[in-house]
Peer 1: 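Below is one structure. I have some questions about it.
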Amino acid sequence: MAFISSSSPYQRVRRSTSEIMLLVLLCLIPGIFLQSYFFGLGNLLQILLASTVALLSETLILILRKRPILSTIKDGSALLTGVLIAIAIPPLAPWWIAVIGTVFAVIFVKQLYGGLGQNIFNPAMAAYVLLLISFPVQMTTWIPVQSLHPFSLTVMDQINALFTGFTLDGYSVAQISTSIDGLTMATPLDTARNALNSGKTISEIFNSPEYKASSWQAIEWVNLGFLIGGLILLYKRVILWYIPIAFLAGISIFSFIAFAYNPDLNISPLFHLFSGATMLGAFFILTDPVTASTTVKGRIFYGVLAALIVVVIRNIGGYPDALAFAVLLANMCVPFIDYYTQPKVYGRGR
Amino acid sequence: MTTTPINLLSEEQLAEISSGKHWSFHGGIHPQENKQQSSKAIIKDAGIPPFLVIAVEQKGESPLLLVNIGDSVLKGQALTKATDVMVVQNASSSGTVTAIEKRTDLHPSGLPVLSVVIATDGLDRSVEYSRCADYKAQTNTQLIEKIQNAGIIGLGGAGFPTHLKLAHYAAIKLLIINAVECEPYITADDRLMQEHGDEIIDGITVLQHILKPQLIVIAIEDNKPDAIAAIKRALQKKQSSQSANIIIRTIATHYPSGSEKQLIEIITGQQTPIGKHPSELGIVMHNVGTVFAIKEAIIDGKPLTSRIVTLTGEAFRKKGNVSVRIGTPIQYLLDKYEFTPTASQKLIIGGPMMGFSITHGDVPVTKTCNCIVAPTLQEMPESPPEMPCIRCGECAEVCPAQLLPQQLLWYANSKDNSKLDEYNLSSCIECGACAFVCPSHIPLVQYYRIAKAEISSAKQQAEKAEIARIRFEHRAARLQQAKLDRQVKHKQAAEKRKQQLQETNGGEDLIAAAIARAKAKKQATADPSDAPADNKKDAVAAAIARAKAKKQAAAEHSDAPADNKKDAVAAAIARAKAKKQAAAEHSDAPADNKKDAVAAAIARAKAKKQQALESTQINTEINPENSAAIAARKARKEQARLHKRQDLPAQIIDTTIAEPQTIDTTIKASDDKKTKIAAAIAKAKAKKIAQKDQ
Amino acid sequence: MSERQTEVTTQQIPPKDPAVSYTEIAWQGVWKNNPGIVQLLGLCPLLAVTNTVTNALGLGIATLFVLIASNTLISLIRSYVPQAIRIPIFVMIIASLVTCVQLLMNAFTYELYLSLGIFIPLIVTNCIIIGRAESFASKNSVKYAAFDGLMVGLGFSLVLILLGASREILAQGTLFAGIDALLGDWAKELTLELYHADSHFLLAALPPGAFMIMGLIIALKNKIDQRVSK
Amino acid sequence: MLINIAIAIFTLGILGAIFGAILGYSSLRFKVKSDPIVEELDAILPQTQCGQCGYPGCKPYAQAIANGEDINKCPPGGDAVMRQLAERMGIEPKNLEGEEKPKLIAFIREDQCIGCTKCIQACPVDAIIGATRQMHTVITDECTGCALCVDPCPTDCIDMVPVVLTTQNWQWDLNLIPTKNSTER
């Protein structure tokens, strides 16, 4: 009788790539929950839209590339990309923002480089940068925290706003984004930057009414949500500690140096850690295995490099948040980092 | 073989080791062990199978056989002769040698190697073993030779000849007994230690006598408490000055701690430098099974004729460890221990991490076969389809050699051998930890094995190419030299003649010579055709004369063709024709201008055919097999010819048939005589060759 | 038999036909060896100025003119140029021609001259021109050289225009905006407004967009070639 | 105006003369005489010395490639060697001329050998040993598989046989494992 011939090892760990992706998606839930709690259901709508588009464009490109469809879709990487883009864009951004971003991420950044495992750049962040550069207005218009809404927004209102730009009552997104006292809402980092540019010091900004009216508390909570999700990922060993710790430590150290140098012009380390997309980036974006460094030393260096870029751009650059740029720039350095941080092979001496 | 050790362990390091400190290695995994399936039952004898297949080829080389087909052999009788590197293969039961042929080996490739097949008589009569209680009176060389004659190789799995490992006895500081058995499922060493602790300690003292190490460490994983206890008991029994420096080191269960290099790192904290042998550090390691075999060989005088094999996996009804005679067909074990195959059944030789699968049971148990795993599909499911590498780096985390498996995969896929070398593929120990953890189910080890095999064959080819280049250059130089030599010889000959001529004239004085020369000159002007005027002319004339004489001789003998080159061309054409038959024969003809050559060639071809026919007949008488081969070749040629013909349009065939006649007639018309002569020569030649062959 | 036949046929085929023909030059210049999307030469102006069709057309015409003129001149003097110093001589000729073009554009299409800016003098360093001079004009007769200049220039201009058009449509929703700067006031009519939207795809107007669209054009060309070869 | 033009022409002329002089000098001074590329190309070639490329050996072919000969004329090297050559020469890979065959070595059917030494003379790497009227044999380790000995043999007793697959040179192809006991006599 003939037996099956196959290659060793015959025992394997039973965790697959798709399970990893699924775990990452599950760990995003606390952050997403908090985000939609503060900013309304628009966020969930964006996620629904972006994931649908991600799966559709993945299917389309796989047909064009004549690759197996079902098994590739099942790996969950396209879904994850879609969700990450949706989290990053403003909740009531027009529908085509999410569509363009997702299509670009899946087709251009991932599949045109050869599919899962081959892309140089993080698809979600590359798409975010594309959107930010191309559509700066839509991408920086955040709606205020729900408690500060001048109008009450129903689910239908939000769906309508997303697809037509107006609520059922005929208010435009721009109008929604303007809070009670007529100030345009933006992210705390945005607000701080604008105020800095107009010559105020940090302490003045933090005490100013427009800052207090901004969604800074909400953003802090959201960051906390992603931190919790990230810690679960660490506990489950889906991600390894090197990158998040290196990145967060880097952010703290670099921003502390800047803060110590001039506290009037530079925001504090704590503010850095809990604003913008710091936690999302540390645990969910930078740790994307495909585009991150793979050696131990390399991962630490990669995290620190990204942190340095983030702090530099946030403090002296032209954009309020810099995570996406930092990720892309660090991605570019990965082959170089990997090459120079190879571990010493057994027997090469210590 | 002897290396000059430079990194020997120092006294402090040895003290540190014996004080109980131990280290760890990078990476590693914790697979499911499943050892309890087979570790409880005591070792049974598997019995005598109806026939034994003992592979005698070692590393691709066949040793000198000491038996012939039909010989009756006894258990323990040597089948092969030992050479420097090869150990003796002994018969593992008594019986008759029924065949010496290539049989499938217990090797992942399933390829056959030269084997001796013994039909057993069931009596298990053995040669007389000479017990030797006082081995200490013997020299190391004698003991090592005894081990070689007992056919002992490393029984842990790699199968490195033990006598070679022992040959480095000069500078050994630390002897490690590898009883780690880190592979899941396998319990052969575990059981052996539980049941034969005393013998193992005896074996260790034999090794201690040969190697004289300062320290002996028995390394056992902590998942074998019974074995540890047994060895401890045995050691206490032996409590004497000898066992003072033998320590038992219990190490944490952690795959692949049983790998030689990793175990050395655990015990000593030292890494074996790349491309170096552990003996460089003054360390030698022996498997506990090997130690047991050494004890039997030296003290009891028994050669290695059986080994302990773990039969495990849910598809075996009767699991456990059995003592199996080397050469027992695995099918016999499967039948005896109630193996019930399930859907898509696998049969794994060795452990599930580093073992290999075999496709059928008609292979013999060899000395390195420590375990047969027959898992059910639930136990070890088929690996899910391979997905793209997401560079998660899990593999690098667990790699005990601290390689970057994801980079190696990349370069293995792109067949970039220089990059693979740069990333130290050769340091891979193929432990399978990377593939074990890979979430994309990539069979990394398989890729590395293929890449390694390709690299080694590329290396071999490069070496071969280099040799070929050197040989080619030597040959070119030699031919050039021969040409020069010929020229020099000719020159020398010419000069010699010159001298001779001078000598004949040399008796007279110079003036007379000058006068004579002047006279000769005058004469030469008068009669230029005959008397040479000066030496140069003379030489030329001589040469011409020689040439003429040669020609004449050639004509007379009517044998040697005037021009070798022409002959070669003609011969080549003739051969081509003989091969291509009439149609091809003809298309060649117009290409050749010299009609006589053509005719000669045709004639020769005919003669050759005849000769071929004759030789076939001769061969039929001498060697039936060969004639069959020739017949097959002929048939193939005929087929090819027919095939060609079918391809050709009818017209071409017509013309090709028509043309030879026209040519023949033209030849006949113009040069009838020459043709006939040439043909005659050719026929004569053919006849001669035919006669010679007879 | 068959062996012999193939031998004969291979012998009959001449090794390589060095003779040039007009169709071959045209085919090579415009499609097969297009300087822009196959040889990837002159990427600097190609990516920098193609944000509108007008700019692309202006630079295309300027390059085309310089190419024809330089190819002709170099072909004329090719047998008098010492091998060792041919490159400085070619550059000198090209530089003079570019200066002429720059002065002409300054005189007649001033607005375009301003918007193209540094990229007009940079034509001197355009690899396409020196490349054609070195590899073709200096080895072939005048008529072929001039035709080669025309065809290569045409191939380059076509890529410029294609890129310019796609970027203009994506970024501004218009076509031929500002064409009057090149062709005079009458051409104002040519400007098309294809669609109007609150927000345009700004990226297309920026250099990264140029790279991406360029990549897509190259992919398209390769796809067509693949189709044809099948 | 005229003076301006004259100045321009003069300046450019001087510049041209200076740079021309520098270039002319360096083209003589830094002239590369020998071509190390031939050695490198020779190292890539498989050294079968089979002459299938039309050159009498690998070195001459390497020389020819350096002089612009096609890189696709080495069937024993196959696609891999052609690609290496293409990379070294910085040119596009081409389709191989002639087909790539599996590796073969010569085998003399010794009972039919008449000891004519013709194959010995033909062998480019001296891989056949024997003497006149003595049986010849091929040193398998040295044979490059060039098949140059096959044609000169007057008794057609040389066969090109494929290299036998053994456990030593097996390349881990799991799909080729026989599922039956293969017994060879």
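Keep in mind that what you see is a predicted model, and the values were worked out from it rather than measured. Below, read A as the first sequence line, B as the second, and so on, with proteins coming before strands; counting in each chain starts at 1.
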Peer 1: Pick from B:His26, B:Glu379, B:Met380: which one has the most heavy-atom pairs with chain A under 4.5 Å?
Peer 2: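 Option with the top pair count is B:Met380.
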Peer 1: Does the side chain of B:Met353 reach to within under 4.5 Å of the side chain of A:Ser8, using non-hydrogen atoms?
Peer 2: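 A side-chain contact is absent here, since even the closest heavy-atom pair is not under 4.5 Å.
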Peer 1: At a heavy-atom separation under 4.5 Å, does B:Ile274 approach chain A through its side chain, its backbone, both, or neither?
Peer 2: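 Both parts, backbone and side chain.
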Peer 1: Heavy-atom distances under 4.5 Å only: say whether B:Pro108 touches chain A with side chain, backbone, both or neither.
Peer 2: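 For B:Pro108, no heavy atom lies under 4.5 Å from chain A.
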Peer 1: Quick check on the interface: out of B:Pro31, B:Pro352, B:Gly432, who has the most heavy-atom pairs with chain A under 4.5 Å?
Peer 2: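 Maximum pair count with chain A is reached by B:Pro352.
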Peer 1: Chain B contacts: which residues in residues 238-248 of chain A have a non-hydrogen atom closer than 4.5 Å to it?
Peer 2: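 Within residues 238-248 of chain A, the residues under 4.5 Å from chain B are A:Leu240, A:Tyr242.
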Peer 1: Can you measure from NZ (A:Lys74) to CE (B:Met387) and round to the nearest 0.5 angstrom?
Peer 2: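 Here the rounded value is 9.5 Å.
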Peer 1: Give a yes or no answer on whether the side chain of B:Gln402 reaches the backbone of A:Val345 with a donor-acceptor pair at less than 3.5 Å.
Peer 2: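 Not a single qualifying donor-acceptor pair exists.
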Peer 1: Tell me, side chain or backbone of B:Ser440 under 4.5 Å from chain A's heavy atoms, or both, or neither?
Peer 2: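 Answer is both: backbone and side chain atoms of B:Ser440 are under 4.5 Å from chain A.
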Peer 1: Looking at chain A, which one of B:Leu404, B:Val445, B:Leu403, B:Val437 has the largest number of heavy-atom pairs inside 4.5 Å, strictly under?
Peer 2: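 Most pairs with chain A among the choices: B:Leu404.
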Peer 1: Do other residues, nucleotides or ligands put more than 12 heavy atoms under 6.0 Å from the CD atom of B:Gln32?
Peer 2: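 It does not: B:Gln32 CD has 12 such atoms or fewer within range.
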Peer 1: Give, as side chain, backbone, both or neither, the part of B:Cys392 having an atom under 4.5 angstrom from any heavy atom of chain A.
Peer 2: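 Both parts, backbone and side chain.
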Peer 1: For the residue pair B:Tyr185 and A:Gln11, establish whether any side-chain heavy-atom pair is separated by less than 4.5 Å.
Peer 2: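 When only atoms from C-beta onward are counted, A:Gln11 and B:Tyr185 do touch, with a gap below 4.5 Å.
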Peer 1: Is there a side-chain contact between B:Ile358 and A:Ser5 (heavy atoms, below 4.5 Å)?
Peer 2: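 A side-chain contact under 4.5 Å is absent here.
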Peer 1: Looking at side-chain heavy atoms only, is the closest gap between A:Tyr346 and B:Thr272 below 4.5 Å?
Peer 2: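 Side chain of A:Tyr346 against side chain of B:Thr272, heavy atoms only: contact under 4.5 Å found.
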Peer 1: So, do B:Pro443 and A:Arg12 sit near enough that their side-chain heavy atoms are less than 4.5 Å apart?
Peer 2: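 Yes - at least one pair of side-chain heavy atoms lies under 4.5 Å apart.
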Peer 1: Ignoring hydrogens and angles, tell me if any N or O in the side chain of A:Tyr10 forms a donor-acceptor pair with the backbone of B:Gly351 under 3.5 Å.
Peer 2: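 Such a contact is absent between A:Tyr10 side chain and B:Gly351 backbone.
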Peer 1: Pick from A:Thr291, A:Thr294, A:Asp288: which one makes a side chain to side chain contact (heavy atoms under 4.5 Å, CB included) with B:Arg391?
Peer 2: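 Between B:Arg391 and the candidates, side chain to side chain contact (heavy atoms under 4.5 Å, CB included) is satisfied uniquely by A:Thr294.
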Peer 1: Are more than 12 heavy atoms, taken from residues, nucleotides or ligands other than A:Phe108, located less than 6.0 Å from that residue's CZ atom?
Peer 2: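 Check fails, neighbour count at 12 or below.
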Peer 1: Heavy-atom cut-off 4.5 Å, strictly under: side chain, backbone, both or neither for B:Leu377 against chain A?
Peer 2: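 For B:Leu377, no heavy atom lies under 4.5 Å from chain A.
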Peer 1: Which residues, numbered in order, of residues 327-342 of chain A come under 4.5 angstrom of chain B by heavy-atom distance?
Peer 2: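 So the qualifying residues are A:Val334, A:Asp338, A:Tyr339, A:Gln342.
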Peer 1: With respect to chain A, which residue among B:Pro384, B:Ser427, B:Gly355 yields the maximal number of heavy-atom pairs within a distance under 4.5 Å?
Peer 2: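 Between B:Pro384, B:Ser427, B:Gly355, the count favours B:Gly355.
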Peer 1: Quick check: do B:Lys346 and A:Ser6 have side-chain heavy atoms less than 4.5 Å from each other?
Peer 2: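 B:Lys346 reaches A:Ser6 side chain to side chain.
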Peer 1: If you round to the nearest 0.5 Å, how far is CD of B:Glu394 from CD1 of A:Ile20?
Peer 2: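 Going from the CD1 atom of A:Ile20 to the CD atom of B:Glu394 covers 7.0 Å.
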Peer 1: Sort B:Gln406 into side chain, backbone, both or neither according to what part of it lies under 4.5 angstrom from a heavy atom of chain A.
Peer 2: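 Side chain only.
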Peer 1: Checking an interface table here. Which of residues 111-121 of chain A come within a heavy-atom distance under 4.5 Å of chain B?
Peer 2: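 Near chain B, by residue number: A:Leu116, A:Gly117, A:Gln118.
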Peer 1: Answer yes if the ring centres of A:Phe3 and B:Phe356 are under 6.0 angstrom apart, and no otherwise.
Peer 2: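 No - the distance between ring centres of A:Phe3 and B:Phe356 does not fall below the 6.0 Å cut-off.
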Peer 1: Can you tell me if CZ on A:Arg237 sees more than 12 non-hydrogen neighbours from other groups inside 6.0 Å?
Peer 2: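 Not more than 12 within 6.0 Å, no.
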Peer 1: Output all residues satisfying salt bridge (Lys or Arg N to Asp or Glu O under 4.0 Å) with B:Glu314, sequence neighbours left out; order by chain, then residue number.
Peer 2: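 Counting only residues at least two positions away or on another chain, B:Glu314 forms a salt bridge (Lys or Arg N to Asp or Glu O under 4.0 Å) with B:Lys319.
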Peer 1: Go through B:Ala435, B:Gly393, B:Pro388 and name the one with the most non-hydrogen pairs under 4.5 angstrom from chain A.
Peer 2: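 Highest number of heavy-atom pairs under 4.5 Å: B:Ala435.
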Peer 1: B:Cys431, B:Ser383, B:Ala396, B:Pro385: which one forms the most heavy-atom pairs within less than 4.5 Å of chain A?
Peer 2: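 Most heavy-atom pairs within the cutoff with chain A belong to B:Ser383.
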Peer 1: Could you pull out the closest heavy-atom pair between A:Ser7 and B:Arg449, with the gap in Å?
Peer 2: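 For A:Ser7 and B:Arg449, the tightest heavy-atom pair comes out as OG-NH1, 4.2 Å.
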Peer 1: Chain B heavy atoms under 4.5 Å from A:Arg299: which part of the residue, side chain, backbone, both or neither?
Peer 2: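 A:Arg299 touches chain B through side-chain heavy atoms alone.
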Peer 1: Heavy atoms, side chains only, cut-off 4.5 Å: are A:Ile4 and B:Gln345 in contact?
Peer 2: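 No, too far: nothing below the 4.5 Å cut-off.
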Peer 1: For B:Tyr448, does the OH atom have more than 12 heavy-atom neighbours from other residues, nucleotides or ligands under 6.0 Å away?
Peer 2: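 Count over threshold, so yes.
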Peer 1: Checking side chain to side chain contact (heavy atoms under 4.5 Å, CB included) for the pair B:Glu397/A:Val296: CA distance, chi angles, key distance, verdict?
Peer 2: CA-CA 8 Å; B:Glu397 287 287 304; A:Val296 172; 3.6 Å; yes
Peer 1: Does any backbone or side-chain atom of B:Ile390 lie under 4.5 Å from a heavy atom of chain A? Answer side chain, backbone, both or neither.
Peer 2: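 Interface part for B:Ile390: both.
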